[in-house]
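Only one structure is covered here, and it is reproduced in the block below.
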Number of protein chains: 2
Amino acid sequence: MSQQRTGSPGNTPGTPDFPDIPEATVARLPEYLRALHSLAEAGHDTASSESLAVAAGVNSAKLRKDLSHLGSNGTRGVGYNVERLIGQIEHVLGLTTLRAVALVGVGNLGHALAGYSGFTTRGFHIAALFDADPTRVGERINNLVVRHIDELAAVVDTCRIAIGVIATPAHAAQGVADVLVNSGVTSILNFAPCVLSVPDGVDVRKVDLAVELQILSFHEHRKAALTGTVTL
Amino acid sequence: MSQQRTGSPGNTPGTPDFPDIPEATVARLPEYLRALHSLAEAGHDTASSESLAVAAGVNSAKLRKDLSHLGSNGTRGVGYNVERLIGQIEHVLGLTTLRAVALVGVGNLGHALAGYSGFTTRGFHIAALFDADPTRVGERINNLVVRHIDELAAVVDTCRIAIGVIATPAHAAQGVADVLVNSGVTSILNFAPCVLSVPDGVDVRKVDLAVELQILSFHEHRKAALTGTVTL
DNA sequence: TAATGTGAACCAGTTCACAGCG
DNA sequence: CGCTGTGAACTGGTTCACATTA
């Protein structure tokens, strides 16, 4: 699971029409979706909970319980209809409309994200790039011109952008977040290694590449200690 | 937390000398470390659980319980000694030795990762770059020459590399993982959008950029549904 | 019959609230 | 007195195992 969540501080309300889905389940739905697409490509038009679970890297009981939150979609004795389930999950995740994303910070990482085809192929459209550095403004990346961050509010407004990605250095991130929020962005994906504070109702997810390695480091350390055996 | 974990399938054993620490706590220690470094830079040499918790974006009770797993380090009535706690956490995470990392795949994302200063400044050293594409072999990135993936086993062995980063397209990732594992790598950070299968004892963490956006998309979708109010 | 869907048991993780200590 | 450290209560999530159904 990634990490920081702000907004909707209490529980998801849940309406009859829009049942509330546990956060842990939500975090796995995209993985199921990916697995389903790969099964579809392989020619399967139906899949059992077991085969889907394997493709998604979870156990089948968990998968069935997760899917049960979207209403019952399977057929007993048969499994799930792949195309139907893809539609189901895309609907729940709100992927039926292409979502516009603003990317702030076109340094090393931001540059790569701007060119990352995975966003484009999975429901998102990078609509605008921003940077604070005037020497970078005007640069063309992947058919998009880098704009100065002062233009952000206007662009977010006209392009109806609801999601912002922060790929700036840590010291600039909070300022960028403030601008994004004031411009009407309500979801932020933060790659800067720092905590963002945002008002209620704004969701933040954080990805910290170094943290991932540090977690692996812990396990390496532990494995080494156990292999060397008997104290150290 | 990020996601896939393989290896140590049961529970962490835990020795008197190396107490077992809950996985959720391990995942937060790097964040505490970062917060501590920023407090240290700001000149604090002591910090209360409350102030540290704010800097790390968690609540103070959780932070205290997390730290209690490393043994008691605070002083009642005062707080924690910042430098001492930094040392404590670095020790537990195994960050006292610089860890060598092999990066496979120098496409869009891999290129950015190779140049990412956050790895270097936080305990890791990218020791070698690999790619399968012969036209990329020989390219120089950040003072490192891209090698052909066939050389991987030899380099991993001589440089004693225990951690591998996969930044290849999904279809190549499992093959790369196999090579890494056979070469002696025991921890993998996977940026490819696919499930890897690895033997017990090998840890895998997965970062999927598009998944993060899809999770945000869900919340956007929900917020929109609730704002539009009364069914849809 | 072969699979789903789900109550019930279980487990990990979080929060509370306060005793204990410097 | 103010803070940490921690048992106890609670919450959310996972797994089990089976009744149910196409």
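Order of the sequence lines sets the chain letters (A, B, ...), proteins ahead of strands, with each chain counted from 1. Bear in mind that the values here come from a model prediction, so they are computed numbers and not experimental data.
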Scan side-chain atoms only and decide if B:T120 and B:S117 contain a donor-acceptor pair under the 3.5 Å cut-off.
no
For the base of D:dT15, is there a side-chain donor-acceptor partner from A:K65 under 3.5 Å away?
yes
Specify the separation, in whole Å, of atom CG of B:D20 and atom P of C:dA12.
11 Å
Between D:dG7 (P) and B:R64 (CZ): distance, integer Å
14 Å
A:L63 CG to D:dC16 C1', in whole Å, measures 16 Å
Working note: A:E220 + B:S187, criterion side-chain hydrogen bond (donor to acceptor under 3.5 Å, both in side chains); need CA distance, chi angles, decisive distance, verdict.
CA-CA 7 Å; A:E220 280 303 311; B:S187 289; 2.6 Å; yes
On DNA chain D, more 5' by nearest nucleotide between A:A61 and B:G79 is B:G79
Separation of C:dT4 atom P from A:N81 atom CG, nearest Å, is 13 Å
I'd like to know if the side chain of A:R205 pairs up with that of A:N190 as donor and acceptor (distance under 3.5 Å, no hydrogens or angles considered).
no
B:K62, nearest nucleotide to its side chain (from D:dC18, D:dT14, C:dT15)
C:dT15
Looking at D:dG5, D:dT4, D:dG13, which one has an atom nearest to any side-chain atom of B:S48?
D:dT4
For B:T75 and C:dG22, is the shortest distance between a side-chain N/O and OP1 or OP2 below 4.0 Å?
no
Please determine, for the side chain of B:R28, which listed nucleotide (C:dG13, C:dT6, C:dT14) has the closest atom?
C:dT14
OP1 or OP2 of D:dT15 versus the side-chain N and O atoms of A:N59: is any pair under 4.0 Å?
yes
N or O in side chain of A:Y80 less than 4.0 angstrom from D:dA22 OP1/OP2
no
What is the nucleic acid contact for A:D66, judged by heavy atoms within less than 4.0 Å: base, sugar-phosphate only, or nothing?
nothing
Donor-acceptor pair present, A:R76 side chain and D:dT21 base, under 3.5 Å:
no
Could you tell me the separation between the NE2 atom of A:H69 and the P atom of C:dG7, rounded to a whole number of Å?
11 Å
Whole-Å gap separating P (C:dT4) and CG (A:L67)
9 Å
Could you tell me if B:D66 and B:T25 have a donor-acceptor pair between their side chains, going purely by distance under 3.5 Å?
yes
Closest nucleotide among C:dT4, C:dT15, D:dT14 to the A:A24 side chain:
D:dT14
Over 12 foreign heavy atoms within 6.0 Å of NE2, B:H69
yes
Ignoring backbone atoms, establish whether A:S72 has a side-chain N or O less than 4.0 Å from OP1 or OP2 of C:dG5.
yes
Rounded interatomic separation in angstrom, taking CD from A:E23 and P from C:dT14:
14 Å
Between D:dG5 atom P and B:N73 atom CG, what is the distance in whole Å?
7 Å
